[in-house]
Amino acid sequence: MTTLTPVLTENWDKPDSFTLDGYGDYSAARKALGMDPDAIIQAVKDSGLRGRGGAGFPTGMKWGFIPQGDGKPHYLVVNADESEPGTCKDIPLMMANPHALVEGVIITSYAIRANHAFIYVRGEVLHVIRRLRAAVQEAYEKGYLGSDIFGSGYDLELVVHSGAGAYICGEETALLDSLEGYRGQPRLKPPFPAVAGLYACPTVINNVESVASVPSIVANGAAWFASMGTEKSKGFGIFSLSGHVTRPGQYEAPLGITLRELLDMAGGIREGHRLKFWTPGGSSTPIFTEEHLDVPLDFESVGAKGSMLGTRALQIFDETTCVVRAVLRWTEFYAHESCGKCTPCREGTYWLKQVLKRLEKGQGTEEDLSTITDIADNILGRSFCALGDGATSPIHSSVKHFRDEYLKHFEIGGCPFDPAASTVWGKA
Amino acid sequence: MTYAPEVRERLERDAKEIIGRYPKSRSALLPLLHLVQSEDGYVSDDGQEFCAEMLGLTKAEVVGVSTFYTMYKRKPAGQYHVGVCINTLCAVMGGDQIWEELTEHVGVGHDETTADGKISLERLECNAACDFAPVMMVNWEFFDNQTPASAKQLVDDLRDGKDVAPTRGPKKLCTFKEASRVLAGMSDGLAGDGPSAAGPSLEGLRLAKEKGWSKPPREGAE
């Protein structure tokens, strides 16, 4: 049986966890700044840490792509633009434990030889922004940021930068454009940010949870981290359960835990109901059903079953939920958030929305099902960035698993579900 | 330029401090737009002109950016900007019903402000608090686990000038303009208010403690 392994969440129940007193003395950063930067990169490679923002790219390898001795400034940019529907781990992490992130920023920046780092946090989370700024301020006052940190001769400036409401800015190159003061639209790759990122200089962009995990690797060792998780998906991660579960919340566990195990911990599906469908890692990951309860939640196993681990945002829906309604709403989200740069995504999400609206009202035809999958086929792999690809996941997976439910809508000329039954206060 | 000289002077002082944080000045554009929003309650014409002047950009360049981001309001937001999450999970858990009843109760729709300027409403996309669904935000502070009744009560209290506290945030809700100033990068000294974490955020930790589960021992510690 898999058990929980609180690392990043370990101090969240302390009333002062967001202050230095409640966090600790940055001993991992102190240790790191006495090390050769390349040794830190090697340790993170050895740990097997993979990006916690969804894509799962090996973190140490990403750091290793930064050219050294190139005479250019290097930058670290933390992607704290958490906006993927269902994803709600980085926000409580930065609210309760911002120093883990700041300490991770120091170690990461030192490893990649950056003297300037940014935390790009979505703007819609005011108190999280306050907590981050206060933590950065405290770190400056203690001499953990600024010049000659720990007397090592190493200098680092850290700026907390608020976004302004745009899901696309979670795409790393759109984030860079936004941070440079432009509309947040993705850039053509290559060149990759490691070569030409912020201000056309070598830049590492890492997710909050990835960076916040680094101090624990430096403090406890790469082998310690790698002792958790599965063969290719090492370490721990925060699993966020939401929706029709008895005790939704944040569960920090080794990668490879299953939804069945997590549901056991969370008291199961809400009383009197049963699981219908769920997302393994946010709305951009194809939906799963009851048959996937025992899939190990690691990058490989979830991928092998046709979805993606993503951000471990487990949105759970019971049998009262209309899958067509769910998919329509996600599709409206993607249409709203499409940045407009490329045609397949801009036009495709717009038309998907129109057809799905018709289907949900029971005014569609069986041909509409071919239309939405055809539109999705024309977005997937043809759009400029992953937003468009993500928009097709709910479409393809819902038609695959719940074709009959789509058909039912136009057989009876409306939605067969009562939306009141799926609410928190709804009666079974 | 229609800002009064003392306002202009204050804004310039703040703007210069913000610009000084960045290696390249244009990076300060998003914060500066939040800053002018903290003065005017929206991104005004004067405000955009001010940003352009401070950063050596054309006004068209500034407008091109401000219109891309949904947090920049093109007409005055209410003193309390109230958002209801209507993305799938919150919608299913009751957000749709909350929105319907609230918009009816307040008498304004999406991106509209009441005549007294107190309340504006917005249909929000996911605000990263799904384990607290259905979620509402007021001036970008969390109001977790809402119901149609609690939502209407909340708005009534705000209109009546009662003190209202977010679920996870400061003891007292600040105004939309005050919130915008924090977003611009200025401190209001309230970071210490409110819990570290609450409710669902602590479920996993609570269970781990109850069961005696923990992370493995440090390398070489055994």
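This one's a predicted model, so the numbers in the text were calculated from it and none came from an experiment. The chains referred to below are lettered A, B, ... by the order of the sequence lines, with proteins before strands, and numbering in each begins at 1.
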Tightest non-hydrogen contact, residues A:His127 and B:Asp193, listed as NE2-O, 2.9 Å

Measuring heavy-atom distances to chain B, does A:Ala313 have an atom under 4.5 Å in its side chain, in its backbone, in both, or in neither?
neither

Name the region of B:Thr147, side chain, backbone, both or neither, that has any atom closer than 4.5 Å to a heavy atom of chain A.
both

Side chain from CB out, backbone as N, CA, C, O: work out which of these in B:Asn139 comes under 4.5 Å of a heavy atom of chain A, or both, or neither.
backbone

A:Ile168 portion near chain B, given a 4.5 angstrom heavy-atom threshold:
side chain

Within the 4.5 Å heavy-atom criterion, are B:Trp140 and A:Ser162 side-chain neighbours or not?
no

Look at the side chain of B:Ser196 and the backbone N and O of A:Pro15, then say whether any donor-acceptor pair between them is shorter than 3.5 Å.
yes

Straight-line distance of B:Asp131 CG to A:Leu314 CG, nearest 0.5 Å
11.0 Å

Backbone N/O of A:Glu124 and side chain of B:Asn127: donor-acceptor pair under 3.5 Å
yes

Let's test your reading of the structure: which of B:Arg21, B:Arg168, B:Lys211, B:Glu141 forms the most heavy-atom pairs below 4.5 Å with chain A?
B:Glu141

Please classify the contact between A:Trp330 and chain B as side chain, backbone, both or neither, with a heavy-atom cut-off of under 4.5 Å.
both

Which region of B:Pro195, side chain (C-beta onward) or backbone (N, CA, C, O), has a non-hydrogen atom less than 4.5 Å from a non-hydrogen atom of chain A, or is it both or neither?
backbone

With chain B as the partner, which of A:Arg247, A:His244, A:Arg130 has the greatest number of non-hydrogen pairs under 4.5 Å?
A:Arg130

Okay, A:Glu82 and chain B: the region with an atom under 4.5 Å from a heavy atom over there is both

Among A:Ile91, A:Val160, A:Thr19, which residue has the highest count of heavy-atom pairs closer than 4.5 Å to chain B?
A:Ile91

Residue part contacting chain A, namely of B:Gln146, when any heavy atom lies under 4.5 Å:
backbone

Checked A:Pro92, A:Ala326, A:Ala166, A:Ala134 vs chain B; the most non-hydrogen pairs under 4.5 Å come from A:Ala326

What's the spacing between B:Lys215 NZ and A:Ser227 OG if we round to 0.5 Å?
12.0 Å

Against chain B, label A:Glu337 side chain, backbone, both or neither, depending on which of its atoms sit under 4.5 Å from a heavy atom there.
side chain

List in chain and number order the residues that pass side-chain hydrogen bond (donor to acceptor under 3.5 Å, both in side chains) with B:Lys73, two or more places apart in sequence or in another chain; answer none if no residue qualifies.
B:Glu122

What part of A:Lys89 is in contact with chain B, defined as an atom under 4.5 angstrom from a non-hydrogen atom: side chain, backbone, both or neither?
neither

Side chain, backbone, both or neither of A:Ala253 within contact of chain B (heavy atoms, under 4.5 Å)
neither

Donor-acceptor contact present, side-chain A:His336 to main-chain B:Glu125, <3.5 Å
no

Heavy-atom count around B:Glu12 CD within 6.0 Å, excluding the residue itself: above 12?
yes

Between A:Thr87 and B:Cys130, what is the shortest heavy-atom contact and its length?
N-SG, 4.1 Å

When the 4.5 angstrom heavy-atom criterion is applied to A:Asp16 and chain B, the contacting part is backbone

Backbone of B:Val182 reached by a side-chain donor or acceptor of A:Arg133 within 3.5 Å
yes

So, do A:Arg122 and B:Met71 sit near enough that their side-chain heavy atoms are less than 4.5 Å apart?
no

Within residues 81-91 of chain B, which positions have a heavy-atom distance to chain A below 4.5 Å?
B:Ile86, B:Asn87, B:Thr88, B:Leu89, B:Ala91

Quick one: which of B:Ser187, B:Ala28, B:Gly192 has the most heavy-atom pairs under 4.5 Å with chain A, could you say?
B:Gly192

What part of A:Ser283 lies closer than 4.5 angstrom to a heavy atom of chain B: side chain, backbone, both or neither?
neither

Please report the closest heavy-atom contact between B:Leu29 and A:Gly181, naming both atoms and the distance.
CD2-O, 3.4 Å

Largest heavy-atom contact set with chain B, pairs under 4.5 Å, which of A:Ile129, A:Val125, A:Leu328:
A:Val125

Nearest heavy-atom neighbours spanning A:Val424 and B:Ala133
CG2-O, 4.0 Å

Using heavy-atom distances under 4.5 Å, tell me whether A:Cys169 contacts chain B through its side chain, its backbone, both, or neither.
side chain

Where does B:Phe142 contact chain A at under 4.5 Å (heavy atoms): side chain, backbone, both or neither?
side chain

Would the distance check show the side chain of A:Arg131 and the main-chain N or O of B:Ala191 forming a donor-acceptor pair, the cut-off being under 3.5 Å?
yes

Stepwise side-chain contact (heavy atoms from CB on, under 4.5 Å) check, B:Val92 with A:Phe317:
CA-CA 9 Å; B:Val92 165; A:Phe317 299 93; 4.2 Å; yes

Would you mind checking which part of B:Ala179 comes under 4.5 Å of any heavy atom in chain A, side chain (CB onward), backbone (N, CA, C, O), both or neither?
both

Check this for me, if you would: do A:Glu180 and B:Arg26 make a salt bridge, where the nitrogen-to-carboxylate-oxygen distance has to be below 4.0 angstrom?
no

Rounded distance (nearest 0.5 Å) linking atom CG of A:Leu4 with atom CZ of B:Arg206:
10.5 Å

side-chain hydrogen bond (donor to acceptor under 3.5 Å, both in side chains) involving A:Lys72 - partner list, sequence neighbours excluded:
none

Aromatic plane relationship, A:Phe118 with B:Tyr22 - under 30° parallel, 30 to 60° tilted, over 60° perpendicular
parallel

How about residues 197-205 of chain B versus chain A: which residues have heavy atoms under 4.5 Å apart?
B:Ala197, B:Pro200, B:Ser201, B:Leu202, B:Glu203, B:Gly204, B:Leu205

Given that the side chain runs from C-beta out, which part of B:Leu183 has a heavy atom under 4.5 Å from chain A: side chain, backbone, both or neither?
both

Minimum-distance pair of heavy atoms, taken over all atoms of B:Tyr69 and A:Ala164:
CB-O, 3.3 Å

Which one of B:Ala129, B:Gly95, B:Pro166, B:Gly64 has the most heavy-atom pairs closer than 4.5 Å to chain A?
B:Gly64

Contact part of B:Met93 toward chain A, heavy-atom cut-off under 4.5 Å: side chain, backbone, both or neither?
both

Heavy-atom pair count under 4.5 Å with chain B, highest-scoring of A:Tyr167, A:Phe239, A:Tyr199
A:Tyr199

Max heavy-atom pair count under 4.5 Å with chain B, selected residue of A:Phe18, A:Phe236, A:Phe225, A:Tyr75
A:Phe18

If you define the side chain from C-beta out and look only at heavy atoms, does anything of B:Cys126 sit under 4.5 Å from A:Phe333?
no

If I measure from the heavy atoms of chain A, does B:Pro170 come under 4.5 Å with its side chain, its backbone, both, or neither?
both

For A:Gln185 and B:Phe68 the tightest heavy-atom approach is CG-CE1, 4.0 Å

